[in-house]
Amino acid sequence: MAPSSVFAIILAALVLSASMAPQHWSARAAEPSTGVPVPKPPKGRGNECVAETDYIRRYHMQLLDHQRDDTVHEGIRTKQFSLKQCIDCHAVQGPDNKPVAYDDPSHFCRSCHDYAAVAIDCFECHDSKPQKSAAAREAFRGSMLALEGYLKARGP
Amino acid sequence: MSRDHQRNNAPQEQSRRDILRGAAALGGLALAPGVTLHLIGGEAAARPADEAVSDTHRWGMLIDAGKCGDGCQECVTACADENGWDPDGKLPTDAQWIRKIDLRDPKSGAERTLPMMCQHCASPPCVDVCPTGASFKRADGIVLVDKHTCIGCRYCVMACPYNARSFVHEPLTDQKAHAPRGKGTVESCTMCVHRVDAGKQPACVERCNDAAGGAMLFGDLNDPTSEISKRIATYATARVRADLGLDTGVYYRNI
């Protein structure tokens with residue numbers, strides 16, 4: 001099914017079922033007037049994604065499919081649309097401050113999929129957590145933020 | 001196979017290897033005119049990440065059974081570590097990307113041990129029988145399973161004369177990021193394609209050279225100046241079930 005038609009269906013379903021939506025579907029701050037709950041994917045690392053946000057939102061599945069054929073059959077190992085990179089940048093920390101795996105509903109790749117009833121099997125094989133180096137970077141960033149918070153709270 | 005793996009002539013072997021290694025450290029050891037033994041360093045240069053593989057190279061291996069240690073499992077554990085499978089599988093159906101096999105000539109009693117894995121055939125029967133095109137040969141000769149298209153029918157497992165493929169029966173967790181594996185798909189030696197693409201050697205070859213007898217050599221069969229091609233041109237080598245005419249990429253010596 002074309003992404004556009006799916007989005008249309010999702011939108012229609014949302015309008016119809018808005019009143020029945022569970023509480024935790026928090027509405028996006030930018031569009032509070034409609035009152036329609038939409039999924040709220042956690043923000044990735046940095047300021048921008050590997051493609052225009054609108055584009056990646058709609059076409060990430062095509063990009064990933066293309067990339068996997070290029071990599072597996074042609075040995076092309078560019079980083080831009082590599083699944084490993086998506087996972088590295090879109091890691092979500094759990095309560096234990098470690099990146100969550102796909103079995104956790106707060107995983108980035110589930111933030112919309114659960115909502116739109118999309119089921120992907122990628123993480124039966126692929127690692128859904130950032131690679132060690134990336135995880136270490138995240139942990140470091142986490143501890144730096146904590147330190148910054150502490151220093152701020154302590155005052156000059 | 002009733003082999004006594006305790007029998008051990010390793011000390012003597014070890015010292016000979018140490019001598020070879022020492023000599024190699026001094027810059028390579030002349031074995032025969034034109035053939036130099038390099039125990040260290042690879043010859044695969046990394047291709048740019050955005051460049052597709054081509055048939056300029058054909059990757060292959062030369063395995064010297066004469067240097068392969070009796071009872072040594074280094075290549076097997078190296079592969080398992082690298083690719084995240086369990087080398088101590090108890091069931092005959094467990095994953096097995098590479099295994100050691102022992103040969104014994106019933107007449108002379110001569111014994112050999114060698115690693116057996118996907119032989120990366122130029123005409124791979126596993127590719128012929130695959131109904132979805134998941135089993136394929138890369139331009140550089142590496143035979144792979146595209147697990148995204150594998151439906152788990154296992155025709156390829158039956159077709160392989162080397163018993164080199166296995167099937168994942170159970171859900172897995174904690175796979176390596178560079179070696180995704182999952183239930184319902186067939187798998188086998190990838191010649192560490194992720195390492196080869198990065199200009200490195202397969203994990204088994206590296207480990208055998210670092211920690212064992214240096215019995216494995218990886219290189220480009222298409223390049224007549226490569227170490228592997230020179231050795232194949234110089235010494236008598238054999239390919240397993242050469243009668244099948246599959247033109248395997250894995251050569252053996254002293255079997």
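Below, chains carry the letters A, B, ... as their sequence lines are ordered, and counting in each starts from 1. Just so you know, these numbers come straight off a predicted model, no measurement behind them.
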Close approach to chain A in residues 178-189 of chain B, criterion heavy atom under 4.5 Å
B:His178, B:Pro180, B:Arg181, B:Gly182

Would you tabulate the side-chain donor-acceptor contacts of residues 65-72 of chain A under 3.5 Å, counting partners in other chains and residues two or more places apart, or write 'none'?
residue : atom : partner : partner atom : Å
A:Gln67 : NE2  : A:Thr78 : O            : 3.0
A:Thr71 : OG1  : A:Gln67 : O            : 2.9
A:Thr71 : OG1  : A:Ile76 : O            : 2.9

Please find the pair of heavy atoms, one from A:Gln131 and one from B:Ala177, that lie closest to each other, and give the distance.
CG-CB, 3.6 Å

Pairs in or reaching into residues 144-154 of chain B: which pass side-chain hydrogen bond (donor to acceptor under 3.5 Å, both in side chains), with residues at least two apart or in two chains?
A:His73-B:Asp146, B:Asp146-B:His148, B:Asp146-B:Thr149

Could you tell me whether B:Asp174 atom CG has more than 12 heavy atoms of other residues or ligands within 6.0 Å of it?
no

Could you tell me whether A:Lys43 atom NZ has more than 12 heavy atoms of other residues or ligands within 6.0 Å of it?
yes

Test item: B:Gln175 side-chain N/O and A:Glu124 main-chain N/O as donor-acceptor pair under 3.5 Å
yes

Check each atom of B:Ala139 against the heavy atoms of chain A and say whether the ones under 4.5 Å are side chain, backbone, both or neither.
neither

Taking the side chain as every heavy atom from C-beta outward, state whether B:Val193 and A:Arg77 have any atom pair closer than 4.5 Å.
yes

Please list, one pair per line, the donor and acceptor atoms closer than 3.5 Å that link side chains of residues 114-130 of chain B to other protein atoms, with sequence neighbours excluded.
residue  : atom : partner  : partner atom : Å
B:Gln119 : NE2  : B:Met117 : O            : 2.8
B:Gln119 : NE2  : B:Tyr252 : OH           : 3.3
B:His120 : ND1  : B:Val143 : N            : 3.0

Other residues, nucleotides and ligands only: do more than 12 of their heavy atoms fall within 6.0 Å of CD on B:Glu51?
yes

Evaluate whether atom CZ of B:Phe167 has more than 12 neighbouring non-hydrogen atoms of other residues, nucleotides or ligands under 6.0 angstrom away.
yes

